[in-house]
A.B. asks: 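For reference, the structure I am asking about is given below.
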Amino acid sequence: SDETKIELFGLKARCDVWRKPGTIPTVKHGGSILLWGCFSLAGTGRLDHAYPADELMPLTCRGRVRGLEPSRGDVDDALGMFSLTLIDTLDTLVLLNKTAEFEAAVRRVLKDVRLDNDVVVSVFETNIRVLGGLLGGHSMAVMLKDAGHYMQWYQDELLHMAKDLGLRLLPAFNTSSGLPYPRVNLKHGVRGPESRTGTETDTCTACAGTIILEFAALSRFTGDPVFEVHARRALNFLWEKRQRNSNLVGTTINIHSGEWVRRDSGVGAGIDSYYEYLLKAYILLGDDLFLQRFNIHYASIMKYISQPPLLLDVHIHKPLLPARTWMDSLLAFFPGLQVLKGDIRPAIETHEMLYQVTKKHNFLPEAFTTDFRVHWAQHPLRPEFAESTYFLYKATKDPYYLEVGRTVLDNLNRFARVPCGFAAMKDVRTGSHEDRMDSFFLAEMFKYLFLLFAEEEDLPFNVEDYIFTTEAHLLPLSLSTAPHAPSPPANSTVQAASLSNDTTSNNIQMIELLDDSNFDWTCPNTRLLFPDPAFPRNLRDPIRSAVDKSCPRPALHREPGMGRPPLRAQDFMANNPDHLELLRRMGVSLIHLKDGRVQLVQHATQAVSAVAAEDGMRFMQEMMELSSQQQKEQLPPRAVQIISHPFFGRVVLTAGPAQFGTDLSKSITGVSPYSGCAELSNAAFVQGRIALLQRGQCMFAEKARHIMKAGAIGGIVIDDNEGSSSDTAPLFQMAGDGRNTDDVTLPLLFLFYKEGNILLEALKEYREVEVLLSDKARDRGEIHWTEQEGATDWRHVQNMGPYFSSLETRFDSVTISKWPVNLSLASCWRAVSIALFPLSSIILCVW
């Protein structure tokens, strides 16, 4: 047994390492955790690296104090200056049989932690981590006190703190819908300027739907029903707002109107624990209504989202249409939830897919594609995969899942362990670290890994008497018999609205007629489900093979801090000096061609190392695949015809189309900065106009997204390669960024440098230029202009009428709120403005 001492949060942490050759890590009798790479928390009374900070920064060996470290955006909303990690880890200490240390930790919480800090925190994170931690700690304290050995002095102090915190969260629920604001000020609530919050309009489904366990437990522990009432009201509202045909919920919802802001639906980030809490609320509270709702949702998940072994987001209104081609790591909890549901087969399949991805990349990437490549490379030491591994082992007793757990432990110890703790992975491809160790790592990861390897006699209490919250806090099942507010009567909340609505009334009948054959009220015996011990292995083998064939071999391991992350083809920019340096290191040379294109050639012998050469080969392969994908559809060129004075249609510019966005004949728009690679500073001028942008510095799709955000209705990208021209270069089609570009709904058009310069010079000299966009240039004889009293009058010959009438049906989905005063509605069926700030504007007619 080796030992490493690490100091955390006012407690001395001892990491014992115990291995019998050729065996699974086990638990040594006597109380020490003997898991490869895990802590055993032994209490001391002295200060250490992190206490009383909320989190440990394991690379710099200090505590993370909000306001003293650079802001990380929404991630910091979990920090409330309330010793987050210490509270989040209280019940873990008891589970690890460290009762004396738990008692010392509780005394420290009661002595030092304040909950009235003037700080804005996430309602969701504070509920599951802090309120859940206090309730879990209270549950353990009561259990130990009743056993008669420890905590004899305890008089529900943690419960009093929990109620204080619950009351501080309640103002967030003061909305017409009952859905909580996403943030609340612990001291000032959500109203008034001093709260610095309360202006938000949207929240995620999981944020509003992951309240019931903690709030109901708080109500039943204290006898005050107000918390459970508010949590039930929020859940009822989400249930009402589900899409009635698909029975799915969206990802983000307006807390005032109840309208879905994001209509994509899955089981990962933004929705995950909403489904989890429906099932667990039934288990904890014994209310059949929660199980009925979960079963209806689950049937839709398995019908639309589950594509074994994948779980892919869909659109709630068109559930047969995929919403994206990648999965996020938070969905790794779902196999564990399926075990609780009793649906073991798909749990085995999805878990195996996740395990194979984990083995490819050492950790489960924050997001990965359907062919199991890295999409987002971070890994903040999330516990969801370990959670599902524990539940599958619990259900099947298959030793295979002990091997899975060993892989998780070994990877944590090999790649994430640093002198002061365990550091999150900044990039699973390079092994680089982030100075971050979230509280859930100690609260959840240790708990599930310990339980995975522990023998029954190693546990200080029976975990079957408790339910795990989404943060793995332990709440006693005895709460189901505690005094509580009655369930809403049939004529209130969701049912009240239902009786006056035929659709919802039919849905109530659907609940009553639901086939319960697949929804057993107790978990089935897996020995009856799988009488053949080899059956689970037969489920896993094809999935392992599929991942091996689809997922590229991982890069050789880089020591932390050594080398840069490999460059991805979809991110490459030919004028980015950092990218050019990365190419050089990978042995890739870049040649600029006269027509503005670039040619890439790799010489592995010129790479700085074997790892860099492998990265270069992967980059070249990705670039070929990306190029092949972009060349699948050859689109015809477009024409830009300048029709205002003094051009009168004589100047026609050849333009290249884009392989994403809407069709060019539907709408278009204009920006600053000129590159369009950052949020626009002149958004007010761009709104409702066509943006003129310069090529370079970022992907075309990124430019399109920036001008869309500013309210533009289209864009014209002008080549930055001086001298390029449609006369000498082949037609250029702007392609996507290798990702799903369904979100880009505005048209984008490309002009080479020579043609673009003509347009810019016209703008500079005449300040107002009018152009015509079409598949081909119009006969100048069809276009007539006169100037009367300073106003331009559009004149059109009679034979143009059929063009407008025949195209009317193509534009019925386009709405233009304001018509330029110098155009006749009868003459130009669709007209919109274009601007290049601050020079001038263009009037565009489209048909």
Side-chain angles (χ1 to χ4, degrees), residues 90-91 94-95 127-128 131-148 150-151 154-163 165-167 170 209-236 239 273 275-295 337 339-342 391 394 459-490 492-495 516 519-523:
L90 286 176
D91 52 6
V94 180
L95 183 66
N127 174 67
I128 65 171
L131 182 58
L134 291 171
L135 293 172
H138 170 69
S139 300
M140 296 295 98
V142 170
M143 182 267 295
L144 292 173
K145 183 178 181 180
D146 291 345
Y150 294 93
M151 304 297 293
Y154 183 70
Q155 298 295 324
D156 296 344
E157 288 87 350
L158 290 177
L159 181 58
H160 298 325
M161 290 185 68
K163 184 173 183 180
L165 180 59
L167 292 171
L170 276 184
T210 312
I211 306 290
I212 185 65
L213 293 190
E214 292 81 5
F215 269 40
L218 181 57
S219 283
R220 299 190 182 201
F221 273 134
T222 62
D224 187 345
V226 65
F227 306 103
E228 184 172 346
V229 167
H230 278 85
R232 283 179 177 267
R233 184 183 176 210
L235 271 183
N236 288 341
W239 172 253
S273 48
Y275 294 131
E276 177 187 4
Y277 268 38
L278 281 178
L279 181 57
K280 289 184 176 180
Y282 162 69
I283 297 172
L284 178 65
L285 307 178
D287 189 335
D288 294 349
L289 179 65
F290 293 123
L291 181 62
Q292 290 176 338
R293 292 177 177 179
F294 173 80
N295 284 339
L337 189 66
V339 171
L340 288 181
K341 168 73 178 68
F391 280 111
K394 187 79 171 176
L459 300 176
F461 58 90
N462 186 1
V463 295
E464 301 294 339
D465 293 335
Y466 296 83
I467 187 76
F468 289 103
T469 70
T470 195
E471 191 75 4
H473 292 306
L474 294 156
L475 298 178
L477 294 176
S478 58
L479 289 173
S480 63
T481 60
H484 61 279
S487 300
S492 67
T493 316
V494 58
Q495 286 83 0
D516 266 354
F519 302 137
D520 294 338
W521 293 74
T522 58
C523 293

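Since the structure is predicted, the reported quantities are computational estimates derived from the model, not experimental observations. Numbers here are sequence positions counted from 1.
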A.B. asks: Indicate yes or no: at least one non-hydrogen side-chain atom of Leu170 is less than 4.5 angstrom from one of Phe227.
C.D. replies: yes

A.B. asks: Run the salt-bridge test on Glu464 and Lys394 with the 4.0 Å N-O cut-off and return the result as yes or no.
C.D. replies: yes

A.B. asks: For the atom pair CG (Leu158) and CG (Leu90), what is the distance rounded to the nearest 0.5 Å?
C.D. replies: 6.5 Å

A.B. asks: If you measure from CG on Leu477 to CD1 on Ile283, what distance do you get to the nearest 0.5 Å?
C.D. replies: 8.0 Å

A.B. asks: Do Glu157 and Met161 have side chains that get closer than 4.5 Å, going by heavy atoms?
C.D. replies: no

A.B. asks: Test of understanding: with salt bridge (charged side-chain N to carboxylate O under 4.0 Å, His left out), list the residues that count as partners of Asp224, not counting sequence neighbours.
C.D. replies: Lys163

A.B. asks: Answer whether the closest heavy-atom distance between the side chains of Phe215 and Val226 falls below 4.5 Å.
C.D. replies: no

A.B. asks: Please give me the minimum heavy-atom distance between Ala141 and Met151, naming the atom from each residue.
C.D. replies: CB-CE, 3.8 Å

A.B. asks: Apply the test side-chain contact (heavy atoms from CB on, under 4.5 Å) to residues Phe290 and Leu279: give CA-CA distance (whole Å), side-chain angles for both, the deciding distance (0.1 Å), then the verdict.
C.D. replies: CA-CA 6 Å; Phe290 293 123; Leu279 181 57; over 6 Å; no

A.B. asks: Is the closest side-chain heavy-atom distance between Leu475 and Leu135 below 4.5 Å?
C.D. replies: yes

A.B. asks: If you compare all heavy atoms of Ser480 against all heavy atoms of Gly286, which two are closest, and at what distance to 0.1 Å?
C.D. replies: CB-N, 4.4 Å

A.B. asks: State the CG-CG distance between Leu291 and Asn295, to the nearest 0.5 angstrom.
C.D. replies: 4.5 Å

A.B. asks: Report the residues that fulfil side chain to side chain contact (heavy atoms under 4.5 Å, CB included) with Ala472, sequence neighbours left out, ordered by chain and then residue number.
C.D. replies: Glu444, Lys447, Tyr448, Phe468

A.B. asks: Any side-chain heavy atom of Asp287 within less than 4.5 Å of one from Tyr282?
C.D. replies: no

A.B. asks: Less than 6.0 angstrom separating the ring centers of Phe461 and Tyr466, yes or no?
C.D. replies: yes

A.B. asks: Kindly give the heavy-atom pair with the smallest separation between Ala231 and Ile211, and that separation in Å.
C.D. replies: CB-CG2, 3.9 Å

A.B. asks: Yes or no on side chain to side chain donor-acceptor pair (under 3.5 Å) for Thr210 and Ser273, after CA distance, side-chain angles and deciding distance?
C.D. replies: CA-CA 6 Å; Thr210 312; Ser273 48; 2.6 Å; yes

A.B. asks: Please examine the side chains of Leu340 and Lys280, heavy atoms only from C-beta on, and report whether any two atoms are closer than 4.5 Å.
C.D. replies: yes

A.B. asks: Supply the atom-to-atom distance Leu479 CG to Ser219 OG, rounded to the nearest 0.5 angstrom.
C.D. replies: 10.5 Å

A.B. asks: Heavy atoms, side chains only, cut-off 4.5 Å: are Leu159 and Leu218 in contact?
C.D. replies: yes

A.B. asks: Under 3.5 Å, side chain of Tyr277 to main-chain N/O of Thr470, donor-acceptor pair present?
C.D. replies: yes

A.B. asks: Does the Asp91 side chain pair with the main chain of Leu474, one donor and one acceptor, at a distance under 3.5 Å?
C.D. replies: yes

A.B. asks: To the nearest 0.5 Å, what is the distance between CE on Met140 and CG on Leu95?
C.D. replies: 8.0 Å

A.B. asks: Please name the pair of heavy atoms, one in Pro460 and one in Val94, separated by the smallest distance, quoted to 0.1 Å.
C.D. replies: CG-O, 3.1 Å

A.B. asks: With a 4.5 Å heavy-atom cut-off, do Val142 and Lys145 have their side chains touching?
C.D. replies: no

A.B. asks: Could you walk me through whether Leu165 and Asn127 satisfy the side-chain contact (heavy atoms from CB on, under 4.5 Å) test, starting with their C-alpha distance in whole Å, then the side-chain angles of each, then the deciding distance to 0.1 Å, before giving a yes or no?
C.D. replies: CA-CA 9 Å; Leu165 180 59; Asn127 174 67; over 6 Å; no

A.B. asks: Measuring from Tyr154:OH to His138:NE2, what's the distance to the nearest 0.5 Å?
C.D. replies: 5.0 Å

